[in-house]
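Worksheet: the structure to be examined is printed underneath.
If you're wondering where the values come from, they're calculated on a predicted model, not measured in any experiment. Heads up: numbering here begins at 1 and tracks the sequence. The basis for the numbers below is simple: all heavy atoms, side chains too, and nothing from hydrogens, waters or symmetry mates.
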Amino acid sequence: MDATGVLWGLCADDSRAAAALAVPFLTPLAINAHHPHRTAALAVLSGPARARHHGVASREEFLLHRNDPQRHAPDTHDDYGYEVTGYPAGWSVAAARAAITTATTALLPLLGDSDPTVRVDAAYVLATAADPAHTIRIALANGFATEGDAMVRAALLLAAAEITRAHPYPPTVRWLRERWHDRAEAPEVRLSAAVGWLCLTDQSAPEELRRAVDTLADNERAHAMEALPWMSAASGTNEPGLLRCRRCMLHPEEPDPEEVLWDSLF
């Protein structure tokens, strides 16, 4: 197994204490345009900085950073619980995010890379950084203004929403509303904006948003949007992430396909 595979394995096995230590060493590889393993390093860079997010697609928890030391007492371990080693998982996640935050200046230029996959993954990484001065959000908005790839535009919106969930900023909420409301936008962009907006507000979903999501979120588009790491992480058994978000956020009365599958086995 290669090194990035080992890192993913550690995260999957809930052993982030070791994986978090790799983040400062992966960053130089990720920002080196000539390194042969650059894209692989970037793709796994934020893995240690996220926990308890796989299969999560509800308004209450999607895009949520639980380990905010200003809102959680140190002895609660930030609602992440413990790793299999007994180490508080929240501490590992916080360490990885701190390392990414330190590397923000080096990572921001990747939002302008010629490879759209790099731009998507860079947005995913930067979304885990602390951004109290709005530096990253400004870069995401500037990138969105010039970005021509619909999937990258969608990624920039999800990154902005994730950062804003950790560091509330009302202008981002208004921006997302404008994006899902704009029928001239690409469907992927409108859908990502709608999902992000739903996670940043307690308001009931407007009927226009419901119609837009139900119309645009078909199976073909949902599978295409699995290219966005937020959506692939949210996916469940036989349910792409976008459709899982639609069901959990707008149609919670619908049965969970994963539960239906398990019930059919017993």
Side-chain angles (χ1 to χ4, degrees), residues 30-35 38-46 62-63 100 103-129 131 134-165 169 171-200 208-209 212-213 215-235 240-243 245-246:
I31 65 177
N32 184 349
H34 304 292
H35 197 282
R38 174 203 189 193
T39 55
L42 183 62
V44 300
L45 187 58
S46 65
F62 190 62
L63 306 178
I100 291 171
T104 293
T105 301
L107 292 166
L108 280 172
L110 298 184
L111 294 176
D113 194 87
S114 60
D115 185 344
T117 300
V118 169
R119 300 199 295 277
V120 168
D121 287 342
Y124 192 58
V125 171
L126 287 164
T128 65
D131 188 40
H134 315 309
T135 303
I136 299 174
R137 268 174 291 197
I138 290 172
L140 295 171
N142 290 341
F144 185 89
T146 59
E147 180 59 59
D149 187 292
M151 207 65 76
V152 179
R153 287 166 68 82
L156 295 173
L157 293 180
L158 287 170
E162 184 172 348
I163 290 174
T164 301
R165 184 143 211 190
Y169 187 57
T172 299
V173 182
R174 293 193 292 270
W175 183 45
L176 291 170
R177 183 182 178 88
E178 291 169 358
R179 299 283 66 77
W180 68 252
H181 196 269
D182 187 354
R183 297 188 180 187
E185 287 284 7
E188 296 83 358
V189 175
R190 295 186 68 194
L191 288 164
S192 292
V195 168
W197 183 85
L198 285 168
C199 291
L200 296 180
E208 182 181 357
L209 181 147
V213 173
T215 300
L216 298 175
D218 56 27
N219 281 309
E220 182 177 358
R221 185 161 291 117
H223 284 288
M225 289 182 68
E226 289 291 281
L228 298 173
W230 293 270
M231 292 302 170
S232 61
S235 63
L242 176 64
L243 298 187
C245 287
R246 182 184 68 178

Could you tell me whether the side chain of [Y] reaches within less than 4.5 Å of the side chain of [X], counting heavy atoms only?
{"X": "W230", "Y": "E162", "value": "yes"}
{"X": "V195", "Y": "L191", "value": "no"}
{"X": "T128", "Y": "L45", "value": "no"}
{"X": "T39", "Y": "T117", "value": "no"}
{"X": "V152", "Y": "R119", "value": "yes"}

Non-hydrogen atoms of L140 and A160 that approach each other most closely: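 Nearest heavy atoms, L140 then A160: CD1-N, 3.6 Å.
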Any idea which heavy atoms bring A150 and A186 closest together, and the distance?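 What the structure gives for the nearest pair is CB-CB, 3.7 Å.
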Between [X] and [Y] (side chain of the first, backbone of the second, donor and acceptor by atom type, cut-off under 3.5 Å), is there such a pair?
{"X": "R179", "Y": "V189", "answer": "no"}
{"X": "D131", "Y": "I163", "answer": "no"}
{"X": "S232", "Y": "P229", "answer": "yes"}
{"X": "R246", "Y": "G241", "answer": "no"}

Test salt bridge (charged side-chain N to carboxylate O under 4.0 Å, His left out) on D182 and R190 and set out the steps. CA-CA 7 Å; D182 187 354; R190 295 186 68 194; over 6 Å; no
List the steps, then state whether side chain to side chain contact (heavy atoms under 4.5 Å, CB included) holds for I31 with L42. CA-CA 8 Å; I31 65 177; L42 183 62; over 6 Å; no
Go through the steps for R38 and D113 under the test salt bridge (charged side-chain N to carboxylate O under 4.0 Å, His left out), then give the verdict. CA-CA 12 Å; R38 174 203 189 193; D113 194 87; 2.5 Å; yes
Taking the basic N atoms (NZ, or NE/NH1/NH2) and the acidic carboxylate oxygens, is any pair closer than 4.0 Å for R153 and E188?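 Answer for the salt bridge query: no.
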Nearest 0.5 Å, please: how far is OH in Y124 from CG in L156?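 Here the rounded value is 15.0 Å.
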Quick one: pull up CE in M225 and CG in L216 and give me the separation to the nearest 0.5 Å.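 With rounding to 0.5 Å, CE (M225) is 10.0 Å from CG (L216).
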For the rings on W175 and F144, is their centre-to-centre separation under 6.0 Å?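 Ring centroids of W175 and F144 are less than 6.0 Å from each other.
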